[in-house]
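See structure below.
To find a chain, count down the sequence lines: A is the first, B the second, and so on, and within it residues start at 1.
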Amino acid sequence: MMPFDTGRPEMNVEEFRLLRDFVYAYCGILVRDDMKYVMQRRLWPRLEALGLTDFGSYYRYLRFDAQRRPELETAIEALTTHETYFFREPRQLKAFSDEVLPVLERRNARTRRLRVWSAGCSSGEEAYTLAMLLKESGRFEGWDVEVHGSDISRRVLAVARQGEYGPSALRATSADQLSRYFVQLGPNRVRVRDDIRALVSFGHHNLQEPEQGSCSSRMDAVFCRNVLIYFDTPARQRVLRLIYEKLTPGGYLMLGHSENLINLSADFELVHLRGDLVYRRPELGGWSP
Amino acid sequence: MSEEGRNAEELRYRALLALDVFRTDARERLVEGLHDESWRVRRAAAGGFARVPGRAASVERLISVLGERDETGARNAAAEALVSLGSASVGPLVRLLGHVDPDQRKFAADILGQLARPEAEDALVSVLLEDGDLNVRVAAAEALGRMAGRSGARALERTLNDVEPLLRLSALESLAALRQPPPLSDVLPLLNNPLLKRSAYRVLGLIPRLEATELVCRGLGAESRSTREAALVALGQQAALTAPSLRSAMDVAVSQVLQRLPEASGWVASALESEDLELRAGALVVAAVLRSPKLAPLVAEVAQEERLVPEVMRTLACFGPETGRELLASMGRLSFPAREAAGQVLVEMVDASFVPELVQMLDWGELDVKSVAVRALGRTGSRDAVAPLAQLLSDPEMAALAARALVSLATSHRDLVLQVLESALEGGAEPAVLNALVRVGGTAKLPLVRRIASQASVSLRATAVEVVAAVDPVGGLELARSALVDESSSVRAAAVRVIGQLGDASMAELLARALADSALEVQLSALEAVGECGALERAGDLESLVRHPDGAIAFRAVRSLARLGLLRDEVLARAVSHEDHEVVKAALQAGADRGGGEALALELLGHARWDVRAAAARVLADSGGTSSLPTMLAALSLETDTLARRALVDAVERLSGR
């Protein structure tokens, strides 16, 4: 028992495995064996909220209660860390702005249409950041541009749609960016400006259920950063297959800085940009940059 | 690569993925792919061998590719393919260990290491001890580090005395990888060897004994950063392996060394920020002893690595109350996991002086930050915390938490809390507020609750029905009867739950209607209520629902029948064959509870689900009958699942009196 956990129920190994397997079957998220404590800690508030005294009862609640579906989504949300903020991983964002966007501008000059997907967008900071970068590039004035954010958690999507944030979300945002893209609501609260919000849409998407996805268009670029970490290898491969199918040939895939596709997929080619390494769906056809 | 070249590569890649593996030339096409200039094509080719019929022939052909000295890419891809072919590769690779060319032998050892098949262990041990080529022996040592075998570990220990430092290093690393440390006396001399000491600390970390900790602590005082870091890594490993009751002795050992190291705070800070997880784990152990508030945010950031969260919490707990403000001040800069850890600690250490900062945190957008602030405000005991919490009672996401916090504050400010809860209810607050009001105000608040039960929103009406029942059973039952005809299924379900908890068999007729309700929510409540209030007349309805495909309905039907004492053998048999394993377990338990469930449990020892087999083993253990022992031992010999196996072992030990 940890010092701060006094009086709260312990999760036994069998309860852990039943819960872990159930969560995995639902959405492919793998809670590793060494994360029993994390699962226990994250689900304690749920037991408290539901008035349950042990994790076996919670498991049966998830399986058999009339409210099981929303509760399962709440549980998934508790188990996945929504670590996100504006302008996260600036090196990759700079490479995207300086090197990928010019390519996409040339490629799509005829259709004047651009689609970017922020997969696992959490509370929306990444999707809005991408919209800000598109705006800032000045390349797509008058184009049909959309950044689509998706997440498995409906609660974080509600926050994303609201577009209001506090200091923690802005910890990598410069004063200049703050004044250009946000409206101050109070000393500790800002809202994303309407012209940026107009470029962004959000939808619910369990990445393990491709047919239920919220984005129907083919994407020119996909940001799927720090999402694959939640899945085991087969589930990661399913997600990558989905992304591959959603990308236009020649479209780009951006992963988190510590992620790669080694031993996961050879469908994508590695592209050495000056500022970063990204992946791309190979292209068959006559287009050349 | 030019666009033309890229397209050609993509075509070759696609062609290999689409290759018909039953073609007579399929294997040679893949071999050709192994030699492609593109790594993507080579990988596609390597992956293809697992689909080609005739694994033995593929293995031989791949081994021949290993012999092509100038074709590095092809050889690596062939090695990858051999790994993917699994056990079929082992025999030929073991034979390759005897090849005249040391380069081939090394390749064989490397691939066998990746395969990690126990049948190759003896051959690798021989190579480790007898091969004439150092590189081959090193490869064998590394391969044995992935085998987890005893004979391999013993051979590696023997190699620690070899004259070749590189071999000793590989052996040490492999023993560390196997988590099989050699005796402390064997490690001691290696700590002074510059080449070996880092690995020696690694194995020392696997020995959770105070003597080993004291040795590791010596390394903390080393001038060389790499030695210090190796010692930190070892400390982290020891902490993970040491029982909580022995941690204080470990802390004392660390503390004694730190007294002589005033600069420790600096290098602990950089270790906490390192990319190396093991190093961070060790730094936490030292930080817990240093207790410098400035380290607290860095410690909290280590929570980004979820495996280290328990150690982060322990460390922050060691820091003491003065850390609270340091954490509060840095909340805006912390990552989500760090905020989560810091928040948990903060909640425990706040007092009335924290209220202004906590109130400011309520303005933040992040729900997790707000939640911490709300919980912490509830623990400040301050009157000033009541008003900001009251403002959250109409917020659906925060109301329950705020209401709980207000209940905590009511111990010192009861009247004020009651006042804000009542005002919030008048303004149409969330159900949690109603609960809180009754918890703080008791039966005196029942008239208000009754009024709400007849007038308010669906969620408030449903809560009111249950709240009245909790404090006034007679009135609660009366209210529940009338709520059974409410237009909202949530209110009806709440009423059924109350009838189940407070009612008696005379309610059977009312529950018949609830069982046939169109809303699943009401049906599920009714299934539970029938068993709870002893409505025997409804047994027939329950029996027919045991075969219901929805596990939720079948599960409750089985449990209610068991509770009524009316679970007939044929119904039990039906439940045991249900597709949902939880229904099967419910039936198994019901059979055991009514007595004579051993036969069923024995049968279920062969069930496809591990948890059913484990439950069956527990039922048999509880039954106390030793006649099932032979069957259980037979099941144990076949059991491959860890948890089911543990349950069987426990059961066998209990029954055989061991």
*Donor-acceptor contact below 3.5 Å, side chain B:Y13 vs main chain A:A266*: yes
*asked:* Please classify the contact of A:Y59 with chain B as side chain, backbone, both or neither, using a heavy-atom distance under 4.5 Å.
replied: side chain
*Start with the C-alpha gap between A:R68 and B:D550, add the side-chain angles, then the distance that decides, and say whether salt bridge (Lys or Arg N to Asp or Glu O under 4.0 Å) holds.*
CA-CA 13 Å; A:R68 55 199 165 189; B:D550 184 339; 3.1 Å; yes
_Can a donor-acceptor pair be found, under 3.5 Å and without considering hydrogens, that links the side chain of B:R339 to the backbone of A:S168?_
no
*asked:* With heavy-atom distances below 4.5 Å as the criterion, would you say the side chains of A:R60 and B:R556 are in contact?
replied: no
_Residues in side-chain hydrogen bond (donor to acceptor under 3.5 Å, both in side chains) contact with A:R155, at least two apart in sequence or another chain_ = A:E77
*Checking heavy atoms, do the side chain of B:L367, its backbone, both or neither come under 4.5 Å from chain A?*
side chain
*Hey, which of A:M35, A:E164, A:R63 has the most heavy atom pairs under 4.5 Å with chain B?*
A:R63
_Let's go through B:E10 and A:R281 carefully: what are the C-alpha distance in whole Å and the side-chain angles of both, what is the deciding distance for salt bridge (Lys or Arg N to Asp or Glu O under 4.0 Å) to 0.1 Å, and is it a yes or a no?_
CA-CA 10 Å; B:E10 183 63 11; A:R281 174 177 167 156; over 6 Å; no
*Check whether B:K585 gets within reach of chain A through its side chain, its backbone, both or neither, counting any heavy atom under 4.5 Å.*
side chain
*More than 12 foreign heavy atoms under 6.0 Å from CZ of B:R609: is that the case here?*
yes
*With the side chain counted from C-beta on, respond yes when B:E275 and A:S258 share a heavy-atom pair under 4.5 Å apart, and no when they do not.*
no
*With only heavy atoms counted, which part of A:V13 is less than 4.5 Å from chain B, the side chain, the backbone, both or neither?*
both
*asked:* With a 4.5 angstrom heavy-atom cut-off, is it the side chain or the backbone of A:I262 that approaches chain B, or both, or neither?
replied: backbone
_Nearest-0.5 Å distance that lies between atom CD1 in B:I553 and atom CZ in A:F64_ = 11.0 Å
*Have B:E306 and A:Y37 got a donor and an acceptor in their side chains that come within less than 3.5 Å?*
no
*Is it the backbone or the side chain of B:A647 that comes under 4.5 Å from a heavy atom of chain A, or both, or neither?*
neither
*Are any side-chain N or O atoms of B:R40 and backbone N or O atoms of A:D267, one a donor and one an acceptor, separated by less than 3.5 Å?*
yes
*Positions in residues 18-26 of chain A that reach chain B, provided some heavy atom is under 4.5 Å away*: A:L18, A:D21
*asked:* Can you tell me how far apart CZ (A:R171) and OG (B:S335) are? Round to the nearest 0.5 Å.
replied: 6.0 Å
*B:Q523, part contacting chain A, at a heavy-atom distance under 4.5 Å*: neither
_Would B:W39 and A:E269 count as a side chain to side chain contact (heavy atoms under 4.5 Å, CB included) here? Give the steps._
CA-CA 10 Å; B:W39 68 269; A:E269 55 187 7; over 6 Å; no
*Who wins among B:L520, B:V369, B:L334 for the most heavy-atom pairs under 4.5 Å with chain A?*
B:L334
*A:Q162 portion near chain B, given a 4.5 angstrom heavy-atom threshold*: neither
*Based on non-hydrogen pairs under 4.5 Å, which of B:P244, B:S525, B:P337 is most in contact with chain A?*
B:P337
*Can you tell me how far the CD atom of B:E340 sits from the CZ atom of A:R41, to the nearest 0.5 Å?*
4.5 Å
*Does the side chain of B:R307 come within less than 4.5 Å of A:R32's, by heavy atoms?*
yes
*What's the shortest heavy-atom distance between A:R189 and B:D363, and which atoms?*
CD-O, 3.0 Å
_Rounded at 0.5 Å granularity, tell me how far CG in B:L643 sits from CZ in A:R17._
4.5 Å
*To the nearest 0.5 Å, what is the distance between CD (A:E48) and CZ (B:R404)?*
4.5 Å
